[in-house]
Amino acid sequence: MPTTFLQRPLRIGVPLRASFKEIVTQVNGSNEIHGFSIDVFLAALKLIPYPVPYEFVKFGDGHKNPSYTEFVNKVAYNVLDAAVGDITIITNRTKAVDFTQPYIESGLVVVVPIKKLDSSSWAFFRPFTQLMWAITAVFFIIIGVGVWIHEHRLNDEFRGPPKQQLVTVLWFTLSTMVFAHSKYQTINQPLIGYLFYSSKFNLLTYDRVILKFSGENMVSTLGRLVLIIWLFVVLIINSSYTASLTSILTVQQLSSPIRGIDSLISTNERIGFQVGSFAENYMIEELNIPKSRLMALGSPQEYAEKLGAGIVAAIVDERPYIDLFLSNNCKFQVVGEEFTTSGWGFAFPKDSPLAVDMSTAILTLSENGELHKIHDYWHKRKTCTPQISDSNQLQLDSFWELFLIFGGACALALFIYFCKMVRVFGKDHSQQQGQSSKSGSCSVRKFLSFVDKKEEEVSKSKLKRKREMSYVKGREVDSRNRSNRIQAEFDEE
């Protein structure tokens, strides 16, 4: 221990702050200095293995926060023997003085306003964006039309007057949204498969099942395939919608588009910072933010006032200050991560042995839990704990793959169905096609008319045609036989 330290008390500089007095403050009407930083210093000093006399020397007028760069320079120029307080350890300062081990982390963070969304009778529209609502509606129409195409020729419930068929398609489409299908019929053809029932996906052993949606039987194999894929898509959408709506109605929302330091830099909004903080130089020199965008603020009350009025879009300050600010201001919240890594320490002249001993003492306080107790005493627990969700709206990006899979399956099923219809139509009308040339429009109308017919009607038509052809062939055979007999009788004569 240097003899100069024993000849006189150490001159320990302490900043007289105008704000955040929980860190360092002078007791009114006395020369006593209290605060978080002071308690840490005194607790560490007790662990030094030799006596260290000291006296506190106040730095600043107490009406505004002092410049911490000048404060550190007082130690570098031996005006002060040490500096105790909320001194951030940064590169430029370490070139002038020695710092102790940090006693608290103090990275820079961004604070923005939040607000509670007002309750609205139209709140159920909020979980999806407009584009997501539009795409979902389009695919509901696609599933209705696709199932109608597959079922129209096979299922009586999808036939009838155009108006009735339109109502059936719309009702069927809406019923898939709530899985309205609990009735089914069976045929003695054992199969193993999956059945959606009451919003659950169960593995069952069952006979051949005809799915029934609100009275509409599902008969077509391709239609069932498309429907099962669509039900899976609806299950995911329903679950996501429910979770998002619950979140929107129960948590607070950011009232600012700023989500962190990157989005803050990209805007042209004003940024607040604490008077005397190194944050000003950091934003100008490291982040290239114009000085004209920065506004110096002197107190937590000014933070709340400027943020609430929209004069500044965000506050950039060190985490310990922000924790104190948010303990009494629930209308604001930290967004993004800490974008610097630093801490607070005590400053001593270069090569001071006391700096090493104090660092050892601070580590001891951290290990035995005393440092944590001091922190909890001065940093009172928050009186409010708002929850934040940066963006609760569900975007199309989250579901486009599901829509793509379903769209591909639906298109493939329709293509297979179309090829099947063309092949059946070609066989069924080969004779008509072999006759005199017909116009293309007539062929298209004939094909559409064939597709519109029910499968049973086509089968009956085929059977009737076969019978007519058999009858005609029989008449021809009888006529040929009669002619042969007449010819034979004529030859005998």
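Model, not experiment: these values are computed from the prediction.
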Asks: Closest approach of Ser37 and Val84, non-hydrogen atoms and distance?
Replies: O-CG1, 4.1 Å
Asks: Apply side chain to side chain contact (heavy atoms under 4.5 Å, CB included) to the pair Phe278 and Thr69, showing each step before the final yes or no.
Replies: CA-CA 8 Å; Phe278 81 100; Thr69 300; over 6 Å; no
Asks: So, for Ser292 and Arg270, which heavy atoms are closest and what is the spacing to 0.1 Å?
Replies: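 What the structure gives for the nearest pair is O-NE, 3.4 Å.
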Asks: Within this structure, what is the CD1-CG distance for the pair Ile236 and Leu231, rounded to the nearest 0.5 Å?
Replies: 12.0 Å
Asks: Kindly say whether Tyr282 contributes a backbone atom to a donor-acceptor pair with the side chain of Glu286 at under 3.5 angstrom?
Replies: no
Asks: May I ask you to decide if Gly272's main-chain N or O and Arg293's side chain share a donor-acceptor pair within less than 3.5 Å?
Replies: no
Asks: Working to the nearest 0.5 angstrom, can you tell me the gap between Thr88 OG1 and Glu318 CD?
Replies: 3.0 Å
Asks: Could you tell me if the side chain of Leu297 sits less than 4.5 Å from the side chain of Gln274, heavy atoms only?
Replies: no
Asks: Look at the aromatic rings of Phe71 and Tyr68 and report parallel, tilted or perpendicular, splitting at 30° and 60°.
Replies: perpendicular
Asks: Hey, is the main chain of Glu22 close enough, under 3.5 Å, to the side chain of Thr25 for a donor-acceptor pair?
Replies: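 No; zero donor-acceptor contacts below 3.5 Å.
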Asks: Is the shortest side-chain heavy-atom distance between Ser342 and Ile89 below 4.5 Å?
Replies: no
Asks: Which heavy atom in Pro66 sits nearest to a heavy atom in Pro15, and how many Å separate them?
Replies: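 Here Pro66 and Pro15 meet closest at CG-CB, 3.9 Å.
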Asks: For the atom pair CG (Leu222) and CD (Glu151), what is the distance rounded to the nearest 0.5 Å?
Replies: 10.0 Å
Asks: Check whether any side-chain N or O of Ser327 sits under 3.5 Å from a backbone N or O of Leu324 as a donor-acceptor pair, and report yes or no.
Replies: yes
Asks: Spell out, as yes or no, whether a donor-acceptor pair under 3.5 Å connects the side chain of Arg93 to the backbone of Ala347.
Replies: no
Asks: Is there a side-chain contact between Leu307 and Val111 in this structure, where contact means two heavy atoms from C-beta onward sitting under 4.5 Å apart?
Replies: yes
Asks: Are Val109 and Val316 side-chain neighbours, meaning at least one heavy-atom pair lies under 4.5 Å?
Replies: no
Asks: Please confirm whether Phe332 and Phe325 have ring centers closer than 6.0 angstrom.
Replies: yes
Asks: Within the 4.5 Å heavy-atom criterion, are Ile38 and Val14 side-chain neighbours or not?
Replies: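 Side-chain contact under 4.5 Å: yes.
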Asks: Compare all side-chain heavy atoms of Val40 with those of Phe346 and state whether any distance is below 4.5 angstrom.
Replies: yes
Asks: Distance from Leu225 atom CG to Ile416 atom CD1, nearest 0.5 Å?
Replies: 8.5 Å
Asks: Scan side-chain atoms only and decide if Tyr377 and Asp39 contain a donor-acceptor pair under the 3.5 Å cut-off.
Replies: no
Asks: Nearest 0.5 angstrom please: Leu365 CG to His375 NE2, how far?
Replies: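 Rounded to the nearest 0.5 Å, the CG-NE2 separation comes to 14.0 Å.
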Asks: Taking all heavy atoms of Arg319 and all of Val334, pick out the closest pair and write down the distance.
Replies: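 Closest approach of Arg319 to Val334: NH1-CG1, 4.0 Å.
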Asks: Quick check: does any side chain N or O of Ser366 sit under 3.5 Å from a backbone N or O of Ile362, one acting as donor and the other as acceptor?
Replies: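 Pair absent, no side-chain N/O of Ser366 close to backbone of Ile362.
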Asks: With a 3.5 Å cut-off and no angle check, do the side chains of Trp344 and Glu105 form a donor-acceptor pair?
Replies: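 Looking only at side-chain atoms, Glu105 and Trp344 do not form any donor-acceptor pair under 3.5 Å.
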Asks: Considering the options Tyr103, Trp378, Phe20, which one meets the ring-ring contact (aromatic ring centres under 6.0 Å, His included) requirement together with Phe36?
Replies: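 Answer to the ring-ring contact (aromatic ring centres under 6.0 Å, His included) test with Phe36 among Tyr103, Trp378, Phe20: Tyr103.
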Asks: Check for a donor-acceptor pair, side chain of Ser239 on one end and backbone N or O of Leu235 on the other, with a separation under 3.5 Å.
Replies: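 Yes, because the side chain of Ser239 sits within donor-acceptor range (under 3.5 Å) of the backbone of Leu235.
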Asks: Shortest non-hydrogen contact from Leu108 to Ala279?
Replies: CD2-CB, 4.0 Å
Asks: Rounded at 0.5 Å granularity, tell me how far CD1 in Ile90 sits from CG in Asn281.
Replies: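 The CG atom of Asn281 is 7.5 Å from CD1 of Ile90, to the nearest 0.5 Å.
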Asks: Given side chain to side chain contact (heavy atoms under 4.5 Å, CB included), test Ile311 with Met295 step by step and report yes or no.
Replies: CA-CA 9 Å; Ile311 297 175; Met295 177 179 290; 3.8 Å; yes
Asks: Which heavy atom in Leu16 sits nearest to a heavy atom in Gly60, and how many Å separate them?
Replies: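 Closest approach of Leu16 to Gly60, heavy atoms only: CD1-O, 3.5 Å.
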Asks: Is there a side-chain contact between Phe140 and Thr136 (heavy atoms, below 4.5 Å)?
Replies: yes
Asks: Is the shortest side-chain heavy-atom distance between Phe99 and Ile87 below 4.5 Å?
Replies: yes
Asks: Just to verify, what does Asp317 make a salt bridge (charged side-chain N to carboxylate O under 4.0 Å, His left out) with, not counting sequence neighbours?
Replies: none
